[in-house]
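Order of appearance sets the numbers: ligands from 1, and atoms from 1 within every ligand.
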Amino acid sequence: MTSRGYVSQDVVVRFAPSPNGLLHLGHAYAACAAYDYTRERDGKLLLRIEDIDRVRSKPEYVEAILADLQWLGLEWDGAVIFQSERLDSYTKAAKRLREMGLLYPCFCSRSNMRAAQKKEGPHEGPDGPIYPGTCRRLDTVQADARRRLESHSWRLDVEKALQLADNLVWHDERLGDQQADPAALGDVVLVPKDMPVSYHLAVTLDDARDGITHIVRGADLFASTHIHRLLQALLDLPVPRYFHHPVLLDETGNKLSKSRDSASLAVLRKKGFDGKDLANRLRKNIFPVGITLAKD
Ligand code: GLU
């Protein structure tokens, strides 16, 4: 495991993998992007392990992440951060949003959501199907009674939240100035049924807590930034600058993914490939056969 001394106050970047599978070439590309961005600016790169999903996160994946980064020749600054050690802060923020009247309990299962979608017509957002708002329309007394008996998630009432937030702009260093449109993603879940917090809430809180000035990550997370920008406004958090880099695609034109078993870095590492050489090839956009960089 490697860790460097602290360098500059100005630029603070993070690499934030989820240890729910082995990292693949897409992650190596993202890690190099974050590392190079930081080093070119004499900044500080934090490593944050996003292990809020207690079922899918595994210690062996954390070990593999640390070994992969070392193998690629990528060092980070300071101690590794674990989201699982910060659950109280997420719960506190969710409570604050609930007290502001911006969250409502949702009792929908995947299957009744699909049924509602069928009935009301498909609503596709930039990040997948949009929640049709079924539980937003429940009256409060009814929802309170059900809440005591049924498992539920908590969703953000985006329309209501937008009444409290204005000037939702952010700057992407590759894609230019952006106007957030959180409604395009619908009422996202901030506290899932089976997890203490969602990705959206945890990542937004932690980027502020860790003093991240520049968020360097894949363009597959660009749509999420609409929601993160809204959460920053609601929770009085600073707005970092963004750099969404293009992601790697497989031979079918799909994003590389852990679930599709895209070749893992751990396998290449154990086969004796040279990780630093691989990182340098990725930096020059030289990819294995079948892998391409998305055009956006
Ligand atoms: N933990 C997220 C993932 O592995 C990335 C978070 C982010 O960069 O915002 O996909």
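- Sorted by first then second residue, the salt bridge (Lys or Arg N to Asp or Glu O under 4.0 Å) pairs that include residues 171-191, not counting sequence neighbours, are R136-D187, E173-R241, R174-D296.
- Between D210 and R14 there is no salt bridge, since no side-chain nitrogen of the basic residue lies less than 4.0 Å from a carboxylate oxygen of the acidic one.
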Considering only N or O atoms, set out every pair between ligand 1 and the protein closer than 3.5 Å, with distances to one decimal place.
| unit_1 | atom_1 | unit_2 | atom_2 | d |
| --- | --- | --- | --- | --- |
| ligand 1 | 1 (N) | A16 | O | 2.7 |
| ligand 1 | 1 (N) | S18 | OG | 2.9 |
| ligand 1 | 1 (N) | E50 | OE1 | 2.7 |
| ligand 1 | 4 (O) | S18 | N | 3.3 |
| ligand 1 | 4 (O) | S18 | OG | 3.2 |
| ligand 1 | 8 (O) | R14 | NH1 | 2.8 |
| ligand 1 | 9 (O) | R14 | NH2 | 3.0 |
| ligand 1 | 9 (O) | Y199 | OH | 2.8 |
| ligand 1 | 9 (O) | R217 | NH1 | 2.8 |

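- Looking at D206 and Y90, their side chains do bring a donor and an acceptor atom within 3.5 Å of each other.
- Between D53 and K58 there is no salt bridge, since no side-chain N of the basic residue sits under 4.0 Å from a carboxylate O of the acidic one.
- Side-chain contact check for S224 and R217: no donor-acceptor pair (N or O, by modelled atom type) lies under 3.5 Å.
- R39 has a carboxylate O that lies under 4.0 Å from a charged side-chain N of D77, or vice versa, which qualifies the two as a salt bridge.
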